[in-house]
Amino acid sequence: MYNGLERIDLDKRLLYVRNIFIFSLSFLVMGLVYFQLVRADEYVELASGNRLRMIRLLPPRGNIYDASGVPLAVNVRTFDIKSYPMDLRSDESFGSVASLFARHGIPMTPDSLKESVEKQYVAPYRAVSVATNLTLAQVSDLVMDPGFSQALFPSPVWRRIYPVGSLMAHVIGYVGEITREDLETQRDPYYQAGDIVGKSGIEAMYEEQLRGAVGDQVVEVDSRGRRLRDVNYNDPLKGSDIRLTIDTATQREAARIMEGKRGALVAMDVSDGAVKAFFSSPAYDPNPLTWGISSKEWSALLGDKNLPMMNRVMSGSYPPGSPFKVVTAAAALMENTADTRTSFFCPGSFQLGNQTFRCWRRSGHGRESLIGALRDSCDVYFYQIGVKVGIDKLTKWARELGVGERTGIDLPGESRGTIAGREWKRSRRKEAWYQGDTVNYSIGQGFLLMTPLQLARMYAAFANDGSLVTPRLNAEKLPEMTPVKITKAHMDSIKTGLREVVRVGTGRVAGRYGVDVAGKTGTAQNPHGEDHAWFVGYAPANDPKYVAAVLVEGGGSGSSVAGPLVGQMLAYLVEHEK
Amino acid sequence: MLAESGYSWGEIRKGLDWSMCVAVLVLFALGLVSIYSAGSGVRRSTSGYAIRQLVWGAVSVMAYVTVLRIGYQNFLRWSYPIYAVAVAMLCVLIAVGTATRGALSWFRFGSVGFQPAEFGKVALILFLARFCSRYPPDAPKRLFSALALSGAMVVLILFQPDLGSALVYGSIIFAMIAAADTPGKYLAGIVTAGVAALPFFWNSLKAYQKLRLVVFLDPYVDPQGAGYNVIQSRIAVGSGGLWGKGFLQGTQGRLHFLPEPHTDFIFSVFAEEFGFVGGLSVMLLFAFLFWRLMRAAFRTKDTRAKLLCVGVSAWLWFQLMESVAMSMGLAPITGLPMPLFSYGGSSLLMEFVGLALVQSVAVSPVRDKLASIA
């Protein structure tokens with residue numbers, strides 16, 4: 001048997017190890033001798049003087065432009081009056097500074113000043129803002145006052161403004177002061193309290209590109225706080241600009257189309273996902289949010305029953321209703337459950353066990369095959385093929401067409417919607433999936449939820465013959481396409497159906513604006529109130545360039561309410577194509 | 001079996017190294033004073049840290065006594081399962097950390113946090129003490145097994161990522177393997193491999209970690225951020241002078257020029273207030289402590305116990321060197337606690353457990369006199 005280590009061998013090594021442990025401490029002692037004895041005077045001087053002051057120089061953010069160069073987010077220069085906490089230590093200095101500002105018409109009390117300094121405090125030598133957002137005139141007025149303390153100094157800052165106001169609110173988003181939680185969780189410590197960051201939209205998505213780089217200045221001051229010299233100076237670096245795919249004129253048209261309605265309109269180029277219109281109605285003005293809104297106004301905005309802050313285009317999940325029928329059709333064709341000749345008789349309702357599911361047309365459509373069923377939006381036809389295909393195959397093809405996954409648009413806060421299905425119902429509802437659920441599912445009702453953007457992307461895949469494009473707002477972002485495994489012939493059958501919808505079917509109104517549209521109407525039952533009106537379509541029908549989806553919350557009929565809106569949008573896009 | 005039945009109060013009283021206990025308690029008390037001082041800043045004063053540290057101290061003393069009663073032999077007997085538990089904890093931490101997309105180094109039980117990386121140090125020492133004495137690393141195959149098994153822990157720690165702790169683990173492993181009579185040429189090989197891996201290591205660092213290393217070389221690269229901490233800490237230590245500024249008189253600490261004064265920069269707070277005299281005393285106390293820790297190693301006949309003492313010493317030694325050197329700007333900022341000084345519950349508790357294991361080794365010859373012949 002092997003006996004392991006010998007004790008004697010070890011003791012020699014242990015002696016070495018012990019001596020290293022003990023004698024290496026003399027290096028530390030040598031360090032103490034050097035700093036605490038040899039150079040002590042120098043460091044005592046530095047510590048007692050506390051002569052170094054630091055200022056963060058914040059860069060202007062990059063601008064955001066629309067497709068034709070119209071500025072959507074820019075910066076204007078304003079001024080902050082800054083000081084160092086260590087120079088404001090005594091209560092008298094709070095009093096005199098507050099009265100100085102009060103004399104010049106800027107409301108301030110010693111207590112409010114003290115509170116604001118406490119809030120921004122990082123270290124005594126790090127500058128804090130005493131008053132913010134002053135004009136050049138105000139600053140020169142203050143500086144001329146003999147009471148303007150040595151401890152104060154003006155510093156230029158950049159204020160974000162959004163010239164088009166609410167028009168682009170859900171695209172651009174807005175900026176605001178970084179929150180305490182964000183500060184604590186940031187992984188690379190770039191930000192400090194009081195910094196401005198993108199809170200939503202493009203501003204948040206491209207924060208790192210837009211923010212630029214902070215500069216800094218370290219100055220040495222004398223005992224009265226006057227600057228003696230710059231110890232270190234790094235220029236701040238302006239952030240990079242961003243150009244969007246969207247055009248202000250088109251967006252204005254979208255806003256006009258959606259005026260007075262609650263809902264969403266999105267349009268994009270079917271070949272590369274470039275978003276052309278993106279409007280959630282009602283919108284909000286982002287300008288007050290960046291200036292610092294009162295908590296009362298903020299809660300009024302959040303409490304508004306029309307939810308202006310909600311981005312309905314990509315964060316609103318709705319039952320898709322009839323526009324979803326293309327998924328049922330694609331699944332049936334691809335699984336060979338039906339072909340274009342397969343037909344069913346629609347008596348106006350469908351019987352499953354003792355349950356009755358109605359067609360929207362109570363009198364029935366008579367005998368329908370695929371193209372006719374799409375044209376007339378015959379529910380019974382899709383009930384029939386949906387049940388035959390089965391829920392697992394339906395969700396498989398729904399997933400293939402982007403249901404239940406984010407579109408990947410370059411905006412934060414996108415919703416996935418709900419693809420539902422057996423697994424989902426078991427884990428969420430603790431219930432089995434019933435065939436009745438499949439019936440509802442096959443016409444886009446029931447548990448299924450989608451965003452307008454997901455539907456637009458799905459129809460773009462039909463329009464461009466088979467690719468799911470990733471919607472993009474940044475013009476510099478490269479297009480991304482994911483091929484969909486649906487054969488060309490089947491795609492064409494469905495597209496024929498979609499053309500018929502506008503030519504002679506439920507979506508005729510959409511075709512009255514001078515451009516040939518193909519698409520699908522939808523009147524989706526809404527468990528919370530009036531039906532939602534949908535229309536999703538693309539144009540020109542024979543060589544599609546643009547896709548557009550419109551949802552009007554509680555709008556009622558898809559064919560008469562949403563159809564014309566998509567028709568107008570597509571007509572505008574085709575007419576104004578460069 | 002007698003050796004695994006734990007120690008009676010009588011045995012402990014007879015064999016206890018009292019001077020080691022005194023040194024530990026004095027160092028802890030000095031740390032507590034510094035934590036109190038670090039907390040009593042101008043306009044932002046709190047004795048909360050000091051009080052909590054005192055409570056942790058009491059818990060740690062109880063743990064110390066418990067470990068002593070159980071005896072190091074029983075810990076060694078369970079060292080493999082203990083090591084497995086430590087590895088599992090680190091895996092869970094990484095999995096949870098990945099799921100929440102944040103770096104996690106804590107398990108939280110209500111308001112009490114627990115750092116598996118600290119527990120892992122004790123687990124690693126126990127494991128290597130047993131493994132290396134059963135399979136001495138004098139042949140490449142056995143050396144490789146020891147390195148691979150203990151290196152797993154280092155890799156997990158690096159995944160967290162906790163660079164500082166990984167360095168502590170590395171020095172523990174190296175010291176124990178060196179002490180276990182590994183031939184000199186193999187040790188040289190390990191060092192060479194380590195140096196060769198440096199460029200890869202640099203590339204794997206996060207941006208902020210690189211910044212810390214760069215500002216260590218030149219604090220004025222980033223005088224506002226990481227570099228400023230180094231400058232301010234050096235000012236704190238240097239301005240302490242020979243006698244220091246006196247208790248609660250340190251301006252650097254109390255005016256918040258020092259970041260994290262109660263943890264990372266605790267020695268700077270101490271050195272500013274108690275000067276060179278205070279700093280030198282602490283160094284001498286630690287030197288004394290290391291001498292007593294190693295004295296236990298010489299006096300035991302159990303090779304596992306010898307390695308155990310080396311491991312605990314190497315752990316405390318590395319953290320001491322790093323944190324004191326860092327406070328003078330002579331080592332990069334790693335956020336490692338200074339042993340017995342820095343505020344922090346799990347680190348203090350685990351240090352006491354480690355010290356208790358060595359104390360248990362010191363007590364053991366009492367029984368060896370009776371049992372060794374058998």
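Protein chains get the first letters and strands the later ones, always in sequence-line order, with residue 1 at the start of each.
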Self-check item: Smallest separation among heavy atoms of B:Gly241 and A:Ala40, with atom names
Solution: CA-CB, 4.1 Å
Self-check item: Winner by heavy-atom pair count (cut-off under 4.5 Å) against chain B, out of A:Leu37, A:Ile20, A:Val29
Solution: A:Leu37
Quiz item: Side chain, backbone, both or neither: which part of A:Ser26 has a heavy atom under 4.5 Å from chain B?
Solution: neither
Practice problem: Quick one: closest heavy-atom pair of A:Phe21 and B:Ser313, and the distance? | Solution: CE1-CB, 3.3 Å
Quiz item: Which distance, rounded to the nearest 0.5 Å, do you find between the CE of B:Met328 and the CZ of A:Phe27?
Solution: 12.0 Å
Practice problem: Calculate, to the nearest 0.5 Å, the distance between atoms CZ and CG belonging to A:Arg18 and B:Leu293 respectively. | Solution: 11.5 Å
Quiz prompt | Value rounded to 0.5 Å, distance of CH2 in B:Trp317 from CG in A:Leu25 | solution = 8.5 Å
Self-check item: Chi angles and distances behind the side-chain contact (heavy atoms from CB on, under 4.5 Å) call for A:Phe35, B:Leu330
Solution: CA-CA 11 Å; A:Phe35 288 108; B:Leu330 299 177; 4.2 Å; yes
Quiz item: Is there a donor-acceptor contact under 3.5 Å from the side chain of A:Gln36 to the main chain of B:Val237?
Solution: yes
Self-check item: Closest non-hydrogen atom pair between A:Arg13 and B:Leu187, with its separation
Solution: NH1-CD1, 3.9 Å
Quiz item: Would A:Asp11 and B:Lys306 satisfy salt bridge (charged side-chain N to carboxylate O under 4.0 Å, His left out), going step by step from the backbone distance to the final call?
Solution: CA-CA 9 Å; A:Asp11 283 0; B:Lys306 286 175 187 290; 2.8 Å; yes
Quiz prompt | Interface moiety of B:Trp291 toward chain A, non-hydrogen atoms closer than 4.5 Å | solution = both
Self-check item: Heavy-atom proximity to chain A below 4.5 Å, by part of B:Phe318
Solution: neither
Practice problem: Report the distance from atom CE of B:Met283 to atom CG of A:Leu32, rounding to the nearest 0.5 Å. | Solution: 6.0 Å
Quiz item: What part of B:Phe267 lies closer than 4.5 angstrom to a heavy atom of chain A: side chain, backbone, both or neither?
Solution: side chain
Quiz item: Run the side-chain contact (heavy atoms from CB on, under 4.5 Å) check on A:Ile22 and B:Phe286 step by step: do they pass?
Solution: CA-CA 8 Å; A:Ile22 291 177; B:Phe286 269 108; over 6 Å; no
Exercise. To the nearest 0.5 angstrom, please state how far the CG atom of A:Leu14 sits from the CE atom of B:Met294.
Key: 4.5 Å
Self-check item: Which atoms of A:Leu28 approach chain B - backbone, side chain, both or neither, heavy atom under 4.5 Å
Solution: both
Self-check item: Contact origin within A:Val33 toward chain B - heavy atom pairs under 4.5 Å
Solution: both
Quiz prompt | Euclidean distance, A:Glu42 CD relative to B:Ile235 CD1, rounded to 0.5 Å | solution = 9.5 Å
Quiz item: So what's closer than 4.5 Å to chain A heavy atoms on B:Leu284: side chain, backbone, both or neither?
Solution: neither
